[in-house]
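Both backbone and side-chain heavy atoms feed into the values below; hydrogens, waters and symmetry mates do not.
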Amino acid sequence: MPEDIGSTVPRRQLGRLLRQFRNEAGVTLDAAAEALEYSRQKIWRLECGQGSVRVLDVKAMCELYGVSPEMTEAMRELAAETKSKGWWHAYGDAVPNWFELYVGLESAAARLREYGETLVPGLLQTRSYAHGLFQPGSRLSLEEREQAVEVRLRRQALLRRRLPQPPRLDAVLSEAVLRRVVDSYSVMTEQLNHLLEVSEQPNVSVHVVPLAAGPHPGAVAGSFVILDFPTTNGGRTAPEPSVVYSESLTGALYLDRPDELTAYEDTWRGLVALALGEAESRDMIKRILGEMRHD
């Protein structure tokens, strides 16, 4: 359903516009806070796209910054969209705050370019593989682990949705990902077969960087995703700027400065150049499957 995209992109778009018009008007954060009788923190949060935005707040800020009536109305419409909630809100703490933003962006993306250095990306994991990633002694309870797996599987539905159009997923995986046994050989054979199946979808491609390629920038960068977004309002609104997502044990980085995007775009192009073609990648997955079945 279209509403499953949630409010992430409208919040970010509106925040950027508010910051842009404040800067163009020569109004500092402190001056805006004083004039509007808001806290400085509130204006900062609105400009960063954190949380829903009241239409009244947008109207007051637009008046202060001298925004045209036409643009003010467009921003008021965006503010109304910031109140919608995506499906992931129903999972509560199973979706950490730092990951909630990613799920919203992922749901709104037109294209996902994902490099997996160590593990199969979440959008391509089987249930057994996802369960196998939780080691004995995990700090999460059995119920929390099950919820985390359910969120991961629910995310995968976006690749098969009808409306809006599903995103394009281009996955590049290190050969090490295919050979690293998670839980058991039976779990891995199921996972590798799943990779072969999902790669047959018209909007999904899977490429493998062989270990024989040697050291490369992707090994230094680690796993990451580049998210590209569609135009909205029939092309009248500029698309959301691309974002690079890089996850760690306790949080994540969201990179969108031009120099950061350029660095990861260069790394992506290097990975694609080193990776096997789709047919060759499928052949490698099948070879590794054969090896595992005989172990």
Side-chain angles (χ1 to χ4, degrees), residues 1-24 43-53 55 57-58 61-62 67 70-89 95 97-115 121-123 155 157-159 161 163-171 203 224-247 252-268:
M1 295 292 289
E3 59 265 27
D4 280 349
I5 287 179
S7 63
T8 305
V9 169
R11 290 200 317 261
R12 287 168 63 89
Q13 290 176 329
L14 181 57
R16 263 197 318 279
L17 288 169
L18 289 171
R19 183 168 59 250
Q20 173 190 325
F21 287 122
R22 177 177 61 77
N23 288 331
E24 288 179 358
I43 295 177
W44 179 85
R45 289 185 73 255
L46 293 179
E47 291 184 356
C48 290
Q50 298 181 9
S52 61
V53 187
V55 173
D57 289 334
V58 170
M61 296 169 85
C62 285
V67 179
E70 295 77 17
M71 181 54 71
T72 297
E73 184 57 33
M75 291 168 68
R76 282 162 57 99
E77 291 175 8
L78 272 177
E81 293 180 36
T82 67
K83 293 176 172 55
S84 63
K85 289 187 178 293
W87 60 263
W88 52 93
H89 286 272
V95 183
N97 289 337
W98 54 265
F99 190 60
E100 182 181 317
L101 173 59
Y102 176 76
V103 180
L105 292 173
E106 180 183 72
S107 297
R111 185 186 183 198
L112 303 159
R113 290 175 282 167
E114 182 154 6
Y115 173 61
L123 289 179
R155 284 170 49 211
L158 69 86
L159 295 176
R161 73 188 179 198
L163 289 173
Q165 183 176 336
R168 168 89 197 167
L169 172 62
D170 293 314
N203 60 321
F224 64 89
V225 189
I226 303 176
L227 301 97
D228 303 305
F229 300 93
T231 56
T232 56
N233 298 329
R236 295 191 300 274
T237 304
E240 175 76 4
S242 296
V243 176
V244 175
Y245 174 81
S246 178
E247 190 174 311
L253 293 175
Y254 295 87
L255 310 172
D256 56 9
R257 294 204 319 247
D259 58 329
E260 295 168 334
L261 287 171
T262 297
Y264 278 88
E265 289 276 5
D266 290 345
T267 298
W268 177 261

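You'll find the side chain of Arg16 reaches within 4.5 Å of the side chain of Pro241, heavy atoms only. A 4.5 Å side-chain heavy-atom check between Glu106 and Leu123 finds at least one atom pair inside the cut-off. Counting heavy atoms from C-beta on, the side chains of Val67 and Leu17 never come closer than 4.5 Å. With a 4.5 Å cut-off on side-chain heavy atoms, Ser242 and Asp228 count as touching.
In this structure, Tyr254 has its ring center under 6.0 Å from that of Tyr245.
Remark: the backbone N or O of Pro167 is paired with a side-chain donor or acceptor of Asn203 at under 3.5 angstrom. Arg168 places no side-chain N or O within 3.5 Å of a backbone atom of Arg111 that could act as its donor or acceptor partner. No side-chain donor-acceptor contact under 3.5 Å links Arg113 to the backbone of Ile226. Under a 3.5 Å cut-off, the side chain of Arg12 and the backbone N or O of Gly15 do not form any donor-acceptor pair.
Trp268 and Phe224 have perpendicular rings, their planes meeting at more than 60° on a 0 to 90° scale where under 30° would count as parallel.
Here the rule is side chain to side chain donor-acceptor pair (under 3.5 Å) with Glu47, and of Arg19, Arg22, Gln20 only Arg22 fits it. Checking Val225, Leu227, Asp256, Leu255 one by one against Val244, the side-chain contact (heavy atoms from CB on, under 4.5 Å) holds for a single residue, Leu255.
For the atom pair CG of Leu14 and CE of Met75, the computed distance is 5.5 Å after rounding to the nearest 0.5 Å. The CE atom of Met61 lies 12.0 Å from the CZ atom of Phe21; values are rounded to the nearest 0.5 Å. Going from atom CG of Leu169 over to atom CG of Leu158 covers 8.5 Å, rounded to the nearest 0.5 Å. Here the OH-CG distance, from Tyr264 to Asp259, works out to 11.5 Å after rounding to the nearest 0.5 Å. One distance of note links SG of Cys48 with CD1 of Ile43; it measures 12.0 Å at 0.5 Å rounding. If you take CG on Leu46 and CZ on Arg11, they are separated by 11.0 Å, rounding to the nearest 0.5 Å.
Looking at every heavy atom in both residues, Ala108 comes nearest to Pro230 through O-CD, 3.3 Å.
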